[in-house]
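As structure tokens, the structure follows; a few thoughts come after it.
All of these numbers come straight from a predicted model, not from anything done at the bench.
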Amino acid sequence: MSEAGYVKAKLNHMIFHKAEEQFSIASVSVVETNEEIEEDELVVKGHFPPLTYGNEYIFYGTLKTHPKFGEQYQVFTYEKEMPKDEDSLVKYFSSDLFYGIGEKTAKKIVNTLGLSAVDQILRDEQALDQVPGLNEEMKNRLREDLRTNQGFEQVALELAKYGIGLQLAQKIYQAFEEETIKQLNDNPYAFVFKIEGFGFQRADEMAKELGIGEEHPTRIEAGVLHILELESMNGHVFMDQNELMKKANRLLYQRQQRLTEEHFTERIKHLEEEDLLVSENNRAYLPHLYYSEEGIASQLKRIMDIEVEESFEESELLKIIGEMEEVEGLSYGEEQYEAIKKALNEKVMLLTGGPGTGKTTVVKGIISSYEKLFKPKKKLSRERRFILTAPTGRAAKRLSEATGLKAKTIHSLLGWSGDDSFEYDQGNQLEGDVIIVDEFSMVDVWLANSLFKAIPSDMKVILVGDEDQLPSVGPGQVLSDLLQSNAIPVSHLSEIYRQKEDSYIIQLAHHIKNDNVENMDMSKSGDFNFIPSGEEHTLNVVEQIVQRALNKGYTMKDIQVLAPMYKTEVGIHALNRKLQMIFNPKDRQKREIIHFDTTYRTGDKVIQLINQPEKKVYNGDIGEIIAIKKPNESETKKDEMIIDFEGLQVSYTKQDFNQIMLAYAISIHKSQGSEFPIVVMPVVKAFKRMLVKKLLYTAITRSKTSLLICGDYEAFIDGLKKNYAYERNTTLVERMQMMFSDAEYLEQDIPTEEQNTSEEEEITPYDFM
């Protein structure tokens, strides 16, 4: 640490401190430094607690020049310089840092323990027993205050040896507190599973420096859990243990067979004993995924065990449907009518079907029919009686627009706190008569389990989705598994109703759905066009398509470019740079701000990348930058962006900029649950690993009025023929069939296949970045 740049200084005053992140800016007086600093006063900033007057601090970091505020010191880590004489040490102990310790008591401590008093108290619980006149309460309080004041500085300094900055050190200290250094020395792998952003490779490097051997049990266990975490990011709920052992050998020993079956089994057993893993039928699960699958089956059984008490005459339903047809100017098909009838008769129902088959029409019919046929169970308003929800904000908005009732995201409905807990759960359930969940294919096992736990046993449940769309980003394939289980009543819509004259988008989607790609007509039609282009020209073709649409009067909100990958020459990043110049070119009247390699300016279209319930914005929400503020204009004294999400204005400071990105082009995964008037989709050979049937089907079905595909025709057709890339290791079918083994709608047992995608074709989350 001594070779690094440092500044020893005393506090003048705190300029800014944000407690949640321990981010501080302070003015200090320089006492000593090896940096080229001309002034006696300096501004230091970084992730550290508020500084106290009278103490000296040694800051390690980098001297930077701010264009407006001049020289500043960016702190990587720091330490408090302890007093070196008795008078200073007495002042330290009698300062406001220590409750109930006056000057007289402070002198007793220093006279008894000497200049090493701080180290002795921290190291030895009995050290204060030597000081006369201290009762047990004073001793305990002094030890606690000293650990609080000294603990983080010691931890930060120790972690800095391994290249860990203050922000990550704060997270580690919050998790382990005074046990941090002990945990570091005993088992740094523990940080991987408790600290977000702390990777296995970093822990492995630290362990090597600490002399923890390659065959140490904690390393093997950490490697096993790390692999399971990666597999869950690929959508898998479990791993076959034989495959897990092979991958563990690859990770830990570069494919050498040093991890024997006996040793591996021993470590699996220990992980089970520590409740870090569940082993069943030679499968290994992360506990939260295992119990989520179990929970889905048991919660659905609980709900379905309470039979539907309402009854109606079919003549009444026919009359209601006839009245709705007259009012809405439509005609319900036989499939749609039967779906409405089944929904009214069954406690839980799955409603599936491709685009244009009238799922939304059926949902409206269910709500209207139920409302006219049955009285409310309680005195509830219409919006409280019918709970409408969807996984994303845009999907919820579409559902609301279609039904005229308020719809919420599942996270918002359940009252997500931002961690793993919800306001509504099995102990505090929702209230209403019917819950309708749209875009259910997007719901993963953890969220599905959380939702079903919050549904009371007397509530009717309608799950709506298209099984041919992409599965959830999170682990599992809940919609597909529930359909395969045959344990829940299903209404499957196949007849196409929504079809304008000369429309081809829906026909194309159904050709893909039915694996009829060889006979597809790819010639230009009223709402569809495939434009062949070489990979080197595809980016320019996208640019020309967008420019023509703008020339015809379409706006930024009407046009959405979709692509499967972020990198490559036609990836999302490259597309956004090119499209920004068309949609929102540089203009002296528009303010700009640069974050890493992206320039944001007022008027830019952006997308939210993570859920932020406290701001009421969620992953996939699309907004527009309406203002950019400079530090002297902002209350936070930082660069700030104001983004409008369809009427909700949200403030972002620079530390939040990684939560957003430009959205002229977005990933197909991020588009799920949304619809756009015009969809433009480049398809090139560089995307080959990502081009599979469900992904392309999902992209095509995002388009409402116009679909333009450009690029390589063969790559597109080859992708449509690939079905296997999204098969996942799940056991929900098996659990549902066991739970509902005596149910009358369980017509047949379907064997559960444990699918493993081949290494060459396996899609990982890193392909999306």
Side-chain angles (χ1 to χ4, degrees), residues 295-321 323-324 337-351 359-390 396 399-400 402-415 422-438 440 443 447-464 482 487-491 740 743-745:
I296 290 169
S298 62
Q299 296 299 333
L300 283 171
K301 184 70 162 60
R302 168 185 61 82
I303 295 166
M304 293 174 70
D305 276 349
I306 305 298
E307 295 181 2
V308 177
E309 294 181 0
E310 301 101 340
S311 62
F312 60 91
E313 296 293 332
E314 188 161 354
S315 58
E316 295 178 84
L317 178 58
L318 285 167
K319 182 182 176 183
I320 291 168
I321 294 294
E323 289 170 354
M324 286 193 292
Y337 172 76
E338 290 299 326
I340 294 170
K341 187 170 74 171
K342 182 176 280 192
L344 296 172
N345 280 318
E346 300 290 356
K347 189 65 183 302
V348 178
M349 188 188 82
L350 284 166
L351 175 64
K359 294 190 297 293
T360 303
T361 302
V362 170
V363 167
K364 290 167 66 178
I366 292 168
I367 294 170
S368 296
S369 302
Y370 190 93
E371 190 172 26
K372 291 172 183 176
L373 286 169
F374 308 120
K375 292 179 181 180
K377 296 185 182 76
K378 296 181 181 178
K379 290 183 178 179
L380 297 173
S381 66
R382 189 169 187 254
E383 289 205 339
R384 290 185 63 197
R385 192 181 179 198
F386 297 98
I387 299 173
L388 273 60
T389 188
L399 183 60
S400 183
T403 60
L405 289 168
K406 186 177 181 181
K408 294 182 177 181
T409 65
I410 298 173
H411 285 85
S412 178
L413 172 69
L414 299 181
F422 292 97
E423 177 187 352
Y424 290 98
D425 54 21
Q426 64 267 41
N428 179 34
Q429 293 181 323
L430 299 164
E431 190 175 47
D433 290 351
V434 180
I435 184 168
I436 298 172
V437 189
D438 200 10
F440 193 67
V443 179
L447 187 57
N449 184 41
S450 300
L451 175 63
F452 293 144
K453 282 193 291 188
I455 295 175
S457 298
D458 62 350
M459 187 178 284
K460 187 180 288 293
V461 181
I462 312 294
L463 307 173
V464 185
L482 291 181
I488 293 177
V490 178
S491 280
F740 288 82
E744 61 185 36
Y745 21 77

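- With sequence neighbours excluded, the residues forming a salt bridge (charged side-chain N to carboxylate O under 4.0 Å, His left out) with Arg382 are Glu371, listed by chain and number.
- Taking NZ of Lys359 as the reference point, atom CG of Asp438 lies at 7.5 Å (rounded to 0.5 Å).
- Distance CG/Leu373 to CG/Leu344: 6.0 Å, rounded to 0.5 Å.
- Under the side-chain contact (heavy atoms from CB on, under 4.5 Å) criterion, Ser311 pairs with no residue, sequence neighbours left out.
- Side-chain atoms of Lys301 do not come within 3.5 Å of backbone N or O of Phe740 as any donor-acceptor pair.
- Within 6.0 Å of NZ in Lys372 there are more than 12 heavy atoms belonging to other residues, nucleotides or ligands.
- Separating the CZ atom in Phe386 from the CD1 atom in Ile462 is a distance of 10.5 Å, to the nearest 0.5 Å.
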May I have the step-by-step check of side chain to side chain contact (heavy atoms under 4.5 Å, CB included) for Ile488 and Met304, ending in yes or no? CA-CA 9 Å; Ile488 293 177; Met304 293 174 70; 4.1 Å; yes
If you apply the rule side chain to side chain contact (heavy atoms under 4.5 Å, CB included), what do you find for Ile435 with Leu413, and how did you get there? CA-CA 11 Å; Ile435 184 168; Leu413 172 69; 4.1 Å; yes
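- Under the side-chain contact (heavy atoms from CB on, under 4.5 Å) criterion, Lys341 pairs with Phe312, Glu314, Leu317, Tyr337, Glu338, Asn345, sequence neighbours left out.
- Judged purely by atom type and a 3.5 angstrom limit, Asn428 uses its side chain to pair as donor or acceptor with the backbone of Glu423.
- Under the salt bridge (Lys or Arg N to Asp or Glu O under 4.0 Å) criterion, the residue pairs touching residues 425-434 are Lys377-Asp433, Lys378-Glu431, Arg384-Glu431, Arg385-Asp433, with sequence neighbours excluded.
- For Glu313, there are no salt bridge (charged side-chain N to carboxylate O under 4.0 Å, His left out) partners at least two apart in sequence or on another chain.
- Classified by interplanar angle (parallel below 30°, tilted 30° to 60°, perpendicular above 60°), the ring pair Phe422/His411 is tilted.
- Side-chain atoms of Lys347 come within 3.5 Å of backbone N or O of Ser457 as a donor-acceptor pair.
- Taken from CG in Leu451 to CD1 in Ile296, the straight-line distance is 9.5 Å, to the nearest 0.5 Å.
- With hydrogens and angles ignored, the 3.5 Å screen pairs no side-chain donor or acceptor of Ser369 with any backbone N or O of Ile366.
- Listed for the Lys342 side chain is a donor-acceptor partner under 3.5 Å among the backbone atoms of Val490.
- Between atom NZ of residue Lys364 and atom CD1 of residue Ile340 there is a gap of 11.0 Å, rounded to the nearest 0.5 Å.
- Between Ile367 atom CD1 and Leu405 atom CG the span is 5.0 Å, to the nearest 0.5 Å.
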Go through Val443 and Leu463 one step at a time and tell me if the side chain to side chain contact (heavy atoms under 4.5 Å, CB included) criterion holds. CA-CA 11 Å; Val443 179; Leu463 307 173; over 6 Å; no
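- Applying the side-chain contact (heavy atoms from CB on, under 4.5 Å) criterion to Pro456, with sequence neighbours excluded, gives Gln429, Leu430, Asp458, Met459.
- With sequence neighbours excluded, the residues forming a side-chain contact (heavy atoms from CB on, under 4.5 Å) with Ser400 are Ala407, listed by chain and number.
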Apply side chain to side chain contact (heavy atoms under 4.5 Å, CB included) to Leu414 and Tyr424, showing your working. CA-CA 5 Å; Leu414 299 181; Tyr424 290 98; 4.3 Å; yes
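- For Glu383, there are no side chain to side chain donor-acceptor pair (under 3.5 Å) partners, not counting sequence neighbours.
- In this structure a side-chain-to-backbone donor-acceptor pair under 3.5 Å is present from Thr389 to Lys408.
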